[in-house]
Amino acid sequence: MSIPFTTINWNTIAPTLHPGETGNAQWQTMQYPGLRLRIVTYSPGYLADHWCAKGHIVHCLQGSFDSELKNGETYTLQTGMTYIVSDNESIHRSRTQSGVTLLIIDGDFLAGK
């Protein structure tokens, strides 16, 4: 994959709405072959409607959220914090009480083994 120098004006990318079990997520998405970049905003009270096995790099831009692992562990991330996980390594879902805005990067490079 080769991506030339590219700037992204997120203000020009229309969000798509994705309902959670509670609350909703708004995604602004840039898709390249094997790479997806998103600014994702979870509403206050958001709980993901599924457990996710995909790998991600998740950076918290504003607010805080909990990343719950299916094994029962929970990690709280706040503004300026990041988590990284490969595909099929730690099944997870997100929840936030107060709302959060994230930069999420995923793609083929996180395929793992």
Side-chain angles (χ1 to χ4, degrees):
M1 171 180 63
S2 178
I3 300 172
F5 183 88
T6 303
T7 62
I8 302 169
N9 181 349
W10 292 103
N11 295 318
T12 65
I13 299 173
T16 57
L17 191 63
H18 302 263
E21 187 172 306
T22 59
N24 62 65
Q26 290 187 32
W27 298 8
Q28 294 170 275
T29 306
M30 289 292 297
Q31 184 73 54
Y32 298 93
L35 176 67
R36 179 174 65 173
L37 301 130
R38 296 178 286 161
I39 299 291
V40 176
T41 302
Y42 297 146
S43 67
Y46 176 80
L47 172 61
D49 66 345
H50 66 283
W51 290 95
C52 181
K54 287 292 292 172
H56 311 285
I57 299 171
V58 178
H59 180 72
C60 184
L61 296 169
Q62 184 176 28
S64 67
F65 75 107
D66 293 328
S67 186
E68 301 176 342
L69 305 187
K70 200 159 190 181
N71 70 7
E73 295 176 48
T74 299
Y75 297 89
T76 300
L77 283 84
Q78 299 174 336
T79 302
M81 295 178 72
T82 302
Y83 81 74
I84 302 170
V85 65
S86 292
D87 289 354
N88 302 308
E89 286 298 320
S90 299
I91 297 172
H92 54 278
R93 70 177 177 179
S94 297
R95 116 176 11 247
T96 181
Q97 291 301 315
S98 58
V100 69
T101 301
L102 308 168
L103 171 64
I104 303 177
I105 302 167
D106 42 44
D108 295 346
F109 67 100
L110 292 167
K113 303 171 190 166

Hydrophobic cluster membership, Ile91 vs Tyr75, 4.5 Å side-chain cutoff: no
Phe109 side chain reached by Leu35 side chain, heavy atoms, under 4.5 Å: yes
Minimal heavy-atom distance between Arg93 and Ala48, with the atoms involved, is CB-CB, 4.0 Å
Would you check if the side chain of Asp87 reaches a backbone N or O of Gly55 as a donor-acceptor pair within less than 3.5 Å? yes
Donor-acceptor pair, Thr6 side chain versus Pro4 backbone, under 3.5 Å? yes
Does Ser43 reach the main-chain N or O of Gly23 with its side chain, forming a donor-acceptor pair under 3.5 Å? no
Do Arg38 and Asp106 meet the salt-bridge criterion of a basic N to acidic O distance under 4.0 Å? yes
Rounded at 0.5 Å granularity, tell me how far CD in Glu73 sits from OG in Ser67. 10.0 Å
Ser64 backbone acceptor or donor facing Thr96 side chain under 3.5 Å: yes
With a 4.5 Å cut-off on side-chain heavy-atom distances among I, L, V, M, F, W and Y, is there a chain of contacts connecting Tyr42 to Leu47? no
Should Leu77 and Ile57 be counted in the same cluster of Ile, Leu, Val, Met, Phe, Trp and Tyr side chains packed under 4.5 Å apart? no
Show the nearest heavy-atom pair for residues His59 and Thr82, with the distance to one decimal. ND1-OG1, 2.6 Å
Of Thr29, Leu61, Ile13, Ile8, the one forming a side-chain contact (heavy atoms from CB on, under 4.5 Å) with Ile39 is Leu61
Any donor-acceptor N/O pair, Asp66 side chain to Glu68 backbone, under 3.5 Å: no
As a quick check of understanding, evaluate ring pair (Phe, Tyr, Trp, His ring centres under 6.0 Å) for Trp51 and His92, giving each step before the final call. CA-CA 5 Å; Trp51 290 95; His92 54 278; 8.5 Å; no
Could you tell me which non-hydrogen atom of Val100 sits nearest to which non-hydrogen atom of Cys60, and how far apart they are? CG2-SG, 3.6 Å
Interatomic spacing from NE2 in His18 to CG in Asn24 - rounded to 0.5 Å: 10.0 Å
Do Leu102 and Trp27 come within less than 4.5 Å of each other through their side chains, counting heavy atoms only? no
Are the side chain of Thr22 and the backbone N or O of Gly45 linked by a donor-acceptor pair below 3.5 Å? yes
Sidechain-backbone polar pair: Gln62 side chain, Thr101 backbone, donor-acceptor under 3.5 Å: no
Following the transitive rule for hydrophobic clusters with a side-chain heavy-atom cut-off under 4.5 Å over Ile, Leu, Val, Met, Phe, Trp and Tyr, establish whether Ile104 and Leu17 coincide in one cluster. no
As an exercise, state the distance from OG of Ser94 to OH of Tyr46, rounded to the nearest 0.5 Å. 6.5 Å
Using side-chain heavy atoms (C-beta onward) and a distance below 4.5 Å, is Phe65 in contact with Gln97? no
Please check if Met81 and Val40 belong to a single hydrophobic cluster, counting links between Ile, Leu, Val, Met, Phe, Trp and Tyr side chain heavy atoms closer than 4.5 Å. yes
With side chains defined as the heavy atoms from C-beta onward, is the minimum distance between Met30 and Trp10 less than 4.5 Å? yes
